[in-house]
A.B. asks: 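The following block contains the structure, expressed as structure tokens.
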Amino acid sequence: MNHYSDPKARAEKNGLNRKIGIIFFLFLSLFLASVSAKGPLRVAILPFQIHSAENLGYLKEGVYDIISSRLTASGEIHAIGKSGIERVLAEMRPQRLTEEVAREAGRRLEADYVVLGSITKIGDFISLDARLIDIEGQKPPSGVFAQTKGLDQLMAKVDEFARDIGGKILGKPTVIGEKGEVRPKTPYIVRPKKSPAIHRQEGVGFQKSQKFPFEIKGLDIADVDGDGKNEIVLMDNHNLWVYEYIDEKLRLLRKLKGRANQNFLALDVADVNGNGTAEIFVTSVIGENLNSFILEYGGNQFKKIRVKNGWYLRVLDLPRGGPTLLGQKMGAEESFSGPIYQFSWKGKTFRRDKKVKLPKKSVLFGLAIADITGDGEEEIMRFDYADHLKVLSANGKDLLHKTSSKYGGSNNFFDRESVPALTPPDNVAKRVYLPGRILALDLDGDGRVEIIVNKNHFATGRLFDRVRLYEKGEVYDLVWDGLMLAENWRTREIPGYIADYQVKDFDNDGEKELVVAMAPQSKALERSKASYILFFELF
């Protein structure tokens with residue numbers, strides 16, 4: 001008998017098929033469930049820490065509601081409920097919310113990301129800071145930062161802040177459009193305009209340039225194209241602008257475009273290799289990695305001189321060497337690490353040469369070396385952490401003088417997010433400010449070296465790490481009087497922020513002028529989108 005015609009055999013076969021079907025269905029259901037579980041990313045928004053003299057605890061709930069609603073709007077992110085977060089934090093009982101606590105809370109909540117943030121209010125100025133922590137540790141923590149003025153503007157800024165967080169989670173950088181829509185980030189290219197004449201203002205002791213449609217971050221003056229006349233080189237965030245002064249006008253000769261992801265930090269222009277044409281030295285970072293470069297004119301274009309990456313660059317006029325290229329490294333856990341080296345021209349490039357004899361922990365920026373006391377020995381001038389100006393002996397061991405007043409004051413910075421040792425207790429990325437210039441010159445030819453230094457006044461104070469709102473500034477000429485640095489003269493008060501300055505012959509009349517790049521007073525917490533140059537005659 002054919003066993004397929006046996007009723008018992010058919011029943012057994014049908015039962016087996018049903019079992020196989022059930023097993024397949026269960027497997028498919030589990031597979032689909034696992035796939036769907038990997039759908040929306042789970043994000044835990046921890047309670048924002050409040051830093052303010054006022055009681056702003058009520059903001060925590062509003063900030064959570066806005067951020068969670070914006071994150072979940074796309075359907076790609078699920079914001080974990082407040083009750084679950086509060087339960088886990090109650091179980092953990094942390095003394096404060098650190099990154100380590102946030103990671104553990106995220107694991108218990110089965111979150112993919114944790115948002116750890118704070119709100120800081122000083123006067124009317126409000127700062128929003130957040131660290132976005134990947135629980136699996138595949139990405140380093142990244143920072144999101146926003147600022148506003150007045151509580152009435154805060155919630156609108158939180159809305160934009162939340163969208164930035166969502167963009168970082170999903171890997172889709174976005175900005176808010178004028179009508180609230182989200183659009184991809186694109187670099188904004190400023191088209192050069194015709195340069196009007198410099199406005200001469202009688203009786204005020206200076207000339208003022210036209211308005212530049214960008215914020216000047218660096219300025220220097222030298223002959224960069226070999227025509228025998230000095231040009232003015234300006235630097236914004238990622239572009240260089242070369243101007244000539246002719247017939248009382250500043251005329252744009254060349255715009256050298258950098259990449260949109262570059263952050264230009266410092267500019268020097270000098271003929272260091274001695275070939276008759278000044279090189280352009282730019283200290284730059286991409287993210288938090290040094291990406292400095294050198295340009296030199298030749299063949300009707302500016303060409304890069306190849307140098308190894310990983311160096312801060314600065315040109316100083318040394319007493320026995322003239323304009324000298326110096327360099328310093330960035331450390332794994334220090335923003336400025338190791339000795340400062342002199343670079344020499346060898347072949348077709350600059351190569352690292354001997355160490356410069358300086359005290360340990362010296363910083364390349366905010367530094368000058370000159371004999372200001374007239375004793376035949378070189379002194380070291382540098383800013384300390386609080387912007388007091390120090391005068392040290394040649395060996396760096398003896399403190400000859402420390403000013404009671406604060407000078408300098410920079411709004412030129414980059415952030416370091418990936419270095420735990422640099423991250424302060426509130427888990428906001430460390431903001432590294434580069435000190436400005438200190439010039440050492442004998443302006444009046446009397447044999448005494450004078451110190452030229454700026455003083456910026458910040459409404460929020462110089463030690464507030466994330467926000468520096470500039471109000472006004474001056475440039476000072478200081479001279480050693482036998483006991484200390486004493487004021488010789490100063491400029492009039494300049495409303496706004498002094499970004500950079502030089503004492504060189506900008507108009508090719510054979511006389512040096514004090515040339516100052518300034519940005520108008522800041523509005524709310526936005527960086528300026530305009531700047532000017534002031535030219536002071538030195539009598």
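Side chains included, hydrogens not; waters and symmetry mates left out as well; all remaining heavy atoms used.
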A.B. asks: Within the side chain of S531, is there an N or O that forms a donor-acceptor pair under 3.5 Å with the backbone of F214?
C.D. replies: yes

A.B. asks: Check this for me: does any side-chain nitrogen of one of E61 and K82 sit under 4.0 Å from a carboxylate oxygen of the other?
C.D. replies: yes

A.B. asks: For K217 and N263, run side-chain hydrogen bond (donor to acceptor under 3.5 Å, both in side chains): C-alpha distance rounded to whole Å, both residues' side-chain angles, the deciding distance at 0.1 Å, then the answer.
C.D. replies: CA-CA 10 Å; K217 294 180 68 177; N263 180 9; 2.7 Å; yes

A.B. asks: Would you mind reporting whether F343 and W311 have side-chain heavy atoms less than 4.5 Å apart?
C.D. replies: yes

A.B. asks: Examine distances only and state if a side-chain atom of D220 and a backbone atom of V269 form a donor-acceptor pair shorter than 3.5 Å.
C.D. replies: yes

A.B. asks: State, yes or no, whether a side-chain contact exists between Y497 and P520 at a heavy-atom distance under 4.5 Å.
C.D. replies: no

A.B. asks: Does atom CD (E91) have a neighbourhood of more than 12 heavy atoms from anything else shown, all under 6.0 Å?
C.D. replies: yes

A.B. asks: Name all residues meeting the ring pair (Phe, Tyr, Trp, His ring centres under 6.0 Å) criterion together with F281; count only those two or more places apart in sequence or in a different chain, and write none if there are none.
C.D. replies: F350

A.B. asks: Is D134 reaching over with its side chain to a backbone N or O of Y113, donor-acceptor style, under 3.5 angstrom?
C.D. replies: no

A.B. asks: Are D415 and R431 close enough for a salt bridge, meaning some N to O gap below 4.0 Å?
C.D. replies: yes

A.B. asks: Would you say V224 and F302 make side-chain contact, with heavy atoms under 4.5 Å?
C.D. replies: yes

A.B. asks: Are the side chains of R382 and V363 in touch, meaning some heavy atoms are under 4.5 Å apart?
C.D. replies: no

A.B. asks: Might you point out which heavy atoms bring E99 and I133 nearest each other, and give the distance in Å?
C.D. replies: CG-CD1, 3.6 Å

A.B. asks: Do V516 and V475 make a side-chain contact, defined as non-hydrogen atoms from C-beta onward lying under 4.5 Å apart?
C.D. replies: yes

A.B. asks: Is K157 close to L128 at the side-chain level, that is, under 4.5 Å between some pair of heavy atoms?
C.D. replies: yes

A.B. asks: Anything under 30° is parallel, anything over 60° is perpendicular, the rest tilted; go ahead and classify Y243 against W241.
C.D. replies: parallel

A.B. asks: Quick one, S405 and Y407 - any side-chain contact, counting heavy atoms below 4.5 Å?
C.D. replies: yes

A.B. asks: Does K361 have any salt bridge (Lys or Arg N to Asp or Glu O under 4.0 Å) partners at least two apart in sequence or in another chain, and if so, which?
C.D. replies: E334

A.B. asks: Kindly write out the residues that satisfy salt bridge (Lys or Arg N to Asp or Glu O under 4.0 Å) with E104, not counting sequence neighbours, or none if the list is empty.
C.D. replies: R107, R108

A.B. asks: Shortest non-hydrogen contact from P339 to Q328?
C.D. replies: O-CG, 3.9 Å

A.B. asks: Would you sort out whether R437 and D268 count as a salt bridge (Lys or Arg N to Asp or Glu O under 4.0 Å), showing the intermediate values?
C.D. replies: CA-CA 10 Å; R437 295 187 193 274; D268 291 290; 2.8 Å; yes

A.B. asks: What's the shortest heavy-atom distance between F414 and G287, and which atoms?
C.D. replies: CD1-O, 4.4 Å

A.B. asks: Which atom pair, heavy atoms only, marks the closest approach of L89 to L97?
C.D. replies: CD2-CD2, 4.0 Å

A.B. asks: At their closest point, which heavy atom of L434 faces which heavy atom of S410, and how far apart are they?
C.D. replies: O-OG, 2.8 Å

A.B. asks: If we count only N and O atoms by modelled type, under 3.5 Å, do the side chains of R314 and T283 hold a donor and an acceptor together?
C.D. replies: no

A.B. asks: Using side-chain heavy atoms (C-beta onward) and a distance below 4.5 Å, is L256 in contact with N239?
C.D. replies: no

A.B. asks: Quick test of your reading of the model: are D159 and R163 salt-bridged, counting only N-O distances below 4.0 Å?
C.D. replies: yes

A.B. asks: Run E474 and N454 through side-chain hydrogen bond (donor to acceptor under 3.5 Å, both in side chains) and show every step you take.
C.D. replies: CA-CA 6 Å; E474 305 96 10; N454 71 308; over 6 Å; no

A.B. asks: For residues P47 and I85, report the shortest heavy-atom separation together with the two atoms involved.
C.D. replies: CD-CG2, 4.3 Å

